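Since we're looking at a predicted model, the values are computed, not measured.
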Amino acid sequence: MDPAMTPLGKMLLEEITPVVMVISTPAVEETCLKNGLSFLQMLTPFCSFNNIDVPVRTASDQPYRIHKFKLRLFYGSDVKKPNLKVAEQQLKQVITDSGEKVFSELCLDVPGFNHEVASSEDRDTPSWFQFFNKELVRVASFSDHEAFDHPVACLLAVSSKDEHPISRFVDLFNTNKLPSLLKDGSMDPKILKHYLLVHDNQDGPADRASKILTEMRNTFGTSDSLLLSVNSSPDVPIKHQDNPWASQIYNVPPNQDLGCFLNIDDINEIKDLMQDLSSKHIIPNMEQKIRLLNQQVSATRKGFKNQIKNLWWRKGKEDGVDSLNGPTYNFNSIESQIRVLGDYAFMLRDYELALSNYRLISTDYKIDKAWKRYAGVQEMMGLTYFMLDQSKKEAEYCMENAFNTYLKLGLLGQQNATRCGLWWIEMLKARDLYKEAATVYFRICGEDILHSAVMLEQASYCYLLSKPSMSRKYGFHLVLSGEQYKKCDQIKHAIRTYRSALSVFRGTTWSYINDHVHFHIGQWYAALDMYDVAVKHMMEILACSHQSKTTQELFLSDFLQVVEKTGRTFEVTKLQLPVINISSLKVIFEDHRTFGSSSVATNTKEALWRSLEEDMIPSFTAAKTNWLELQSKLISKKHTLSNVCVAGEAVKVNIEFINPLQITIPVSGVTLICEYSTSTDELTSDEKELSVKTNNEVDHFRDMSSYNSSFLVSEVDFSLGGGETTMVQLSVTPKEVGTLEILGVRWKLSGTIVGFHNFELSHPKKNIVNGRRKAKRPPNEKFKFMVIKSIPKIQGSVHSLPGKAYAGDLRKLMLELKNPSEFPVKNLKMKINHPRFLIIGNQENVKLEFPGCLTKTIGSVQTGANANPNLMSETIFSFPVDTSIQGETPLSWPLWFRAAVPGDISLYMSIYYEIEDISSVIRYRTLRLHYNVQVLPSLDVSFQISPSRLRIQDFLVQLDVVNKTSSESFQVYQLSSIGQHWEISLLQPPDTIFPSQTLMAGQAISCFFTLKNSRRLSTLENNISTMPVGSDVLLVPQCSQDLVYNSNNVPLVNFHHYERLQQKALHEDLGDLNTVDFVLISRPLNNSINPGLSDPPHVMSHHACHLSTASTGPISWLVDGPQTLHHDFSASFCEINLKMHLYNSSETTAFVHIDTIDLDSSGGHINSVNALPSATPDNQVGWHDVTPVNELKVSSNAIETQPGKALLLESVSPYIWSATSSTNIHLEPMSPAEVPLQICVFSPGTYDLSNYFLNWKLPSKGLGDSDETRQHSGKCQGYKYYLTVLQSP
C-alpha cells in the first residue's frame, strides 16, 4: 500500500508542509469580517491543492512532479510556541464539545441500549479522535529545533482603504514586530515576502486600488505585488450550497452565512492567488534554497576529509556533562542548515535527500548531547523511512529511540514525546500492529488524567481491531477510560465508554464487571437527571446473587433512590427482582378433570392419571387425543385447541419466586394479569402479538386491570428472605361465560416499582406434514380458556389416613364425598392404583368396629364366608346404582389401608361420575385424589421350612423376627397359616419364647413350629397322636381377654390376596402344591409409639406367601425303621427290614425309580466301640457332629474277640441291601405309597443308610406344555439315616 494513502501519510502531508506567515492590517480584517471570516480563514480553504502539476528539482538533476500540495497559514502573532495552559484548555474544550455531540446522538438510541454488539468488524472509531490527535500534535509546533514549522514566506496584506499603503507594507514587516523565531536567531529572517493589496468592491470601483498596485510594483517588484478584490456580491447576501468554509470553522452561529458577499468570481480569484503563490513562488524558492544549502553542506561536511575534521573538532564533547537544553545553534550554524535542508527536502517529497541529511546531523547532535534536537532528527528519520516504505524495523527503531529520548527530557520534551508517540502509533496501525500500538498509547498517557482517558480509550480500539480481536481487553480499557473521564467530570464521555463496554460483557460470565458497568452508568444517568434510563441500567444488576451482602444492599438502595426521584411509580417489564422461575410455571384448571388439592395437579403426570382412568371413562380412545371431540356438536372447531374451565371455578397458576440476594425483599400486590371477553371468538396468536407490539408493552399490561367485574383475581403479599424460594399460587375465577386469557403476572417491589412479566407470546410454529403446513399449538394457548356455565363438582377427602405409618399397619379409613351443586351426579366409579396398600370396602363395613371386626373366638373354625372373591377380581369399584350425591349431605364410604412395605408410597384414587344435565358441554368428570404416606420399617419377618426326619409330611418351621425400629416396641401376637389343609403348632410354650411378651427396639427372636398338612395324614402314622390343631397360633400366654384374628375376614383376606400376587414373581413355581402362606399379627405397645405419629396403629399384619415345603421336588419320602438294635453276630449276620414312605404332591402321576447302592470293602460303617473314642465320651449329651461312615475305616472289636470267626475286613462289606436293588413304582396324584427295603449287617457299628438315589419323573402332558419353567424330572440323594447295631451280650 502506498504510504501516502495511509492515515499517517495523509497526516504528514497535511501537518509537515510549508508555513506561510500572514500579516494584515485591521482594514483588511474588517473587509473580511463582512463574510463572517477573518482574512486567514478566508484564504485557508484554498491552500490545499489536489490537482496541481508542478515540476520539482532539488539536489539531483532528475526532476519529479508534485500533484498534491498544501500551505499552512498562520498569523504572525501565532508563529510561536503555544501556551501550554491555553492549549490544555483548548484540548479540554475539544473533548467536552465532542462529548456533547456524541452524547446527543446516544440519547436518541437510549431505549435500545441492549442492541449494542461488540465486533471487530465494526472498525469505526469515534471520529473526534482524529481531530483531538491533530490538536495534540499542534501543541508541539513552532519548536526551535525543527524547521518544518518555520515560515518559508510572508504574505503582507494591506487594504486599499488604508492610508499610505506602501508605508504600511514596510511597517508590517518591522523587525520589532516579528515573531521570536525570527528575532532570536533560530531561523533566517530573510524569507520570501509577498505583498497583497485587498480591495472591497462594496467601497467603490477599483481605480484607487489600481493606482496603489502600480506603485507597489514599482517599489516591491512586479512578481511580488498582487491585487485581490473581494465582496463583489451586491447587498443581497449569497448562500453557498457547497460552502468551502463550513468544514474549517466550528461554532458558527446558525444565522451566519459564511462568505455571503463573495461571489464565484471572488472565490476563483482567491483560488488563483493561492495556487500562483504556491507553484510560482514558494515551491521554486524552496527548490533554490535546497540547492544552495546542499552545496554548502557538501563543501563543509561531505567527503572523508570533512568527516575527519568534524570528528576531530567535536572530540571531547562526549565526556561533557549532560544538559537538558544542550548547546545552542543559530540559523547560520552548519547543523541548523543541515536540518533546514532535510526538512525542506521532506516537505518537497525528496525523502532520499531528507534521510541522508538527517543521518548526517544525527551523529553530531548525539555527540553534542543536544538530546532534543537528536530526538527530533530520529523522529524525522523514522517518518522518512515510513514514507519511503523501506526498513520497517529501522523506522520503528528510530521512532522508539526518539520517543524514549523525549521522555528523558521530562517536561521539556513531553509535548514532543506525545506527538512522536501518536505518529509512531499510526505507523504501527498502518502495518496492522494494533496490539503494539495499544502499548504505545499507554506510554503517552502521562500524568494528565483527561489526556490519559482519551489515550486509554484509543488503546481499547486497538485491541478491538487487532487480529484476533481482543474483546476482553477492549472492554477492560474502556472501563479504565470511563473511570478517568469521570474523575475529570466528563460524565457524558464516561457513559459513552461504559456503554460501549457493555457490548463486551453482556452475555458473558464476567458478572462483577458487568454489574460495575451497569451500576455506574445508572448513577451517571441519574446525575444528568435522566432517571428513566438510569433505572433501566440499574435494573440489570438487581439479581446480583454473586455479590456480597453489602454490595447488594448498596445496589438496591441506590436503585430505589433513583426510582423515588422519578416522582412516580415506575413500571417495567421483566423486573429481575424477584426472579421468576418460568420453567416452574404450572397452570391448574379443572375441566372434566377435578382435583382434591393443587398438589394433585402439579406433582403428578397426566399420563399416570390417564392410565388409571382409561378403563372407567367411556370411549377413552377418542378422549386420549382430544376429549372435547366427544362434544363436537356443542363446541366450534376453532375452540378445540382451547382449554375449558367452568364459571365459578378458579384457574390457578403456580409461580416460583426466587430471591437471589442475601437480603430480605418485600413483594406486594402479586396478581395475575388477565384479559376477558364475553365473546367466545378468541384472537389468534398473531393478532394478539401484533396488538401487544403495536402498543407499548408496559401500557398494554397497565390497561389489563386486575379488577374486572367478569372475574376475580387473588392478591398475595410476602417477603422473601435472603436466598429464599417460595411457590406462590395465584388464581383467577371467571364469573361469566366467555373467553379468558392469562397474560402474565404483576407485582410491586418495595412499594415503589411495579414489575410485569409476560408469560409467553410467540409465533405459532408450523410443521410440514405431507407437503402441507400444519399449525402447531402455540405455547401461549395454555393460558387461554373458554369459560362454560357452572356444572356439578364433587369434593372428596380421605379421613384418618396417616402421613407416617409402620410397615404392616392396618387401618380403617373413611372416604367422604360432597356435591355442593344443586344438580345431582350419578354412575359413580372408583379406582385405586395400589390395591396392595388401599382397598375399597363395602357399605356394610361402615358400622364395623375396628379392629374388633377382625377377631374370632378361640377354638372357632375359620371359614371363607367373609371373603369377597368379586372384590378381589375387579379393578374398578362401582358404587351402587342408586348412589347419588347432591346438596350438603355427604356420602361416606369405608376404605381399608395397609402399609405393605417400607418406603415413600404415593396413593392415587380416581372417582368417575356423570352429570345428569344433558345440556352441559362436559358430560362427565373425574375427581383425582393423591396422598403420600411414609412407611417406616417395623418388623422384619422371615421363615425357614425344613422337612421332618421323623414323620412324612411334617415340617419344622423357623420364624425369625427382628425389630427394625430405633425406639418402638411391639408384641408378636399371632401366627396364622393360610389354607384349610395346613395346621401349625408351637414346639414351646409362648412364655418360654417371649418371657417379657415384648420385642424391644433392635431385638431379634427365633421360634419353632411344626407344620402339618391335614389332608395328607394317612394310616401310615396311626401310632402318632392326631390331636386336632388349629391354623392360628397365639404367641402370647392365653387368657380370657385374648382373641384370635381371623385371617379370612375382610380386609385381611383381601390384602393377603394382593400380597400373593405381588410375591408370586419372587418364587419359582415347581408345579406342585408344596407351598404355604403365613400371616403374622403384631400389636404395638401404646406407651412406646413414636409421638410423631398422629394416629397410632392398632394391629399390624405381615404376610409371607408361596413358601415352599418341597426341597427335593414334588416327591417326598421318609425311611422308617429302627434306630438302635442288638444282635449276636457270632451266630449270624443281622437282617433288618425298613420301609420307605412316598408321597406325590403334584397333580399328575409320577414315575419313581429307587436305586440302592452297596458299599465296597473300603468303608461304610462306624464301629460302635472305636468310632469316636475321644470326641464323644460316654457322658456327652446334646447334638454333636458325626463323621460319615465312608470317611473312616475301622475294625470291629466284636469280630476280633471271636478267634474262630475272624474275617478280613478288606473282603467283607459292612452291610448290603438285601432286597431288590432297583424299584420302579407309579405314584398317583396326591397319594402315598410304601416300598419295603432290607439290609444285611455283618458287624456291629453305626451305619449311614443314605447310599441310595431316588429318581422321579413327571409327564409333560400332565403339567401343560405352556409352562416351560416347571421341573419335569429329578434325581435325589438319600436322606441321612443312621442305624446303630450293637453286639448282644
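Defined by atom type and a distance below 3.5 Å, a donor-acceptor pair is missing between the side-chain atoms of E816 and S797. No side-chain N or O of D904 forms a donor-acceptor pair with one of Q934 less than 3.5 Å apart. Side chains of N514 and H516: a donor-acceptor N/O pair is absent below 3.5 angstrom, by distance only. Side chain to side chain, Y531 and E564 fail the donor-acceptor criterion of an N or O pair below 3.5 Å. At a cut-off of 3.5 Å, with distance as the only test, no side-chain donor of T497 or S500 sits close to an acceptor on the other residue.
With hydrogens and angles ignored, the 3.5 Å screen pairs a side-chain donor or acceptor of Q662 with a backbone N or O of Q547. Counting only distance, with no hydrogens or angles, the side chain of S471 and the backbone of Y474 share no donor-acceptor pair below 3.5 Å. With Y913 contributing its side chain and I794 its backbone, the two residues share a donor-acceptor pair below 3.5 Å. Distance alone, capped at 3.5 Å, is enough to place a donor-acceptor pair between the D717 side chain and the G669 backbone. Side-chain N or O atoms of N819 include one that pairs as donor or acceptor with a backbone N or O of I885 at under 3.5 Å. Here the side chain of N833 pairs a donor or acceptor atom with the backbone of Y908 at under 3.5 angstrom. Under a 3.5 Å cut-off, the side chain of Y512 and the backbone N or O of H546 do form a donor-acceptor pair.
The local environment of OH in Y931 is crowded, with over 12 non-hydrogen atoms from other residues, nucleotides or ligands closer than 6.0 Å.
Of the residues F555, W524, F559, the one that meets the ring pair (Phe, Tyr, Trp, His ring centres under 6.0 Å) test with F519 is F555.
The existence of a salt bridge linking E606 and R928 is confirmed by a sub-4.0 Å separation between a basic side-chain nitrogen and an acidic carboxylate oxygen. In summary, R925 and E649 engage in a salt bridge, as defined by a charged side-chain N under 4.0 Å from a carboxylate O.
In this pair, H537 and H518 present their aromatic rings tilted. The plane angle is within the 30 to 60° band.
Q552 contributes atom CD, which lies 9.5 Å from atom CG of D515 (distance to the nearest 0.5 angstrom).
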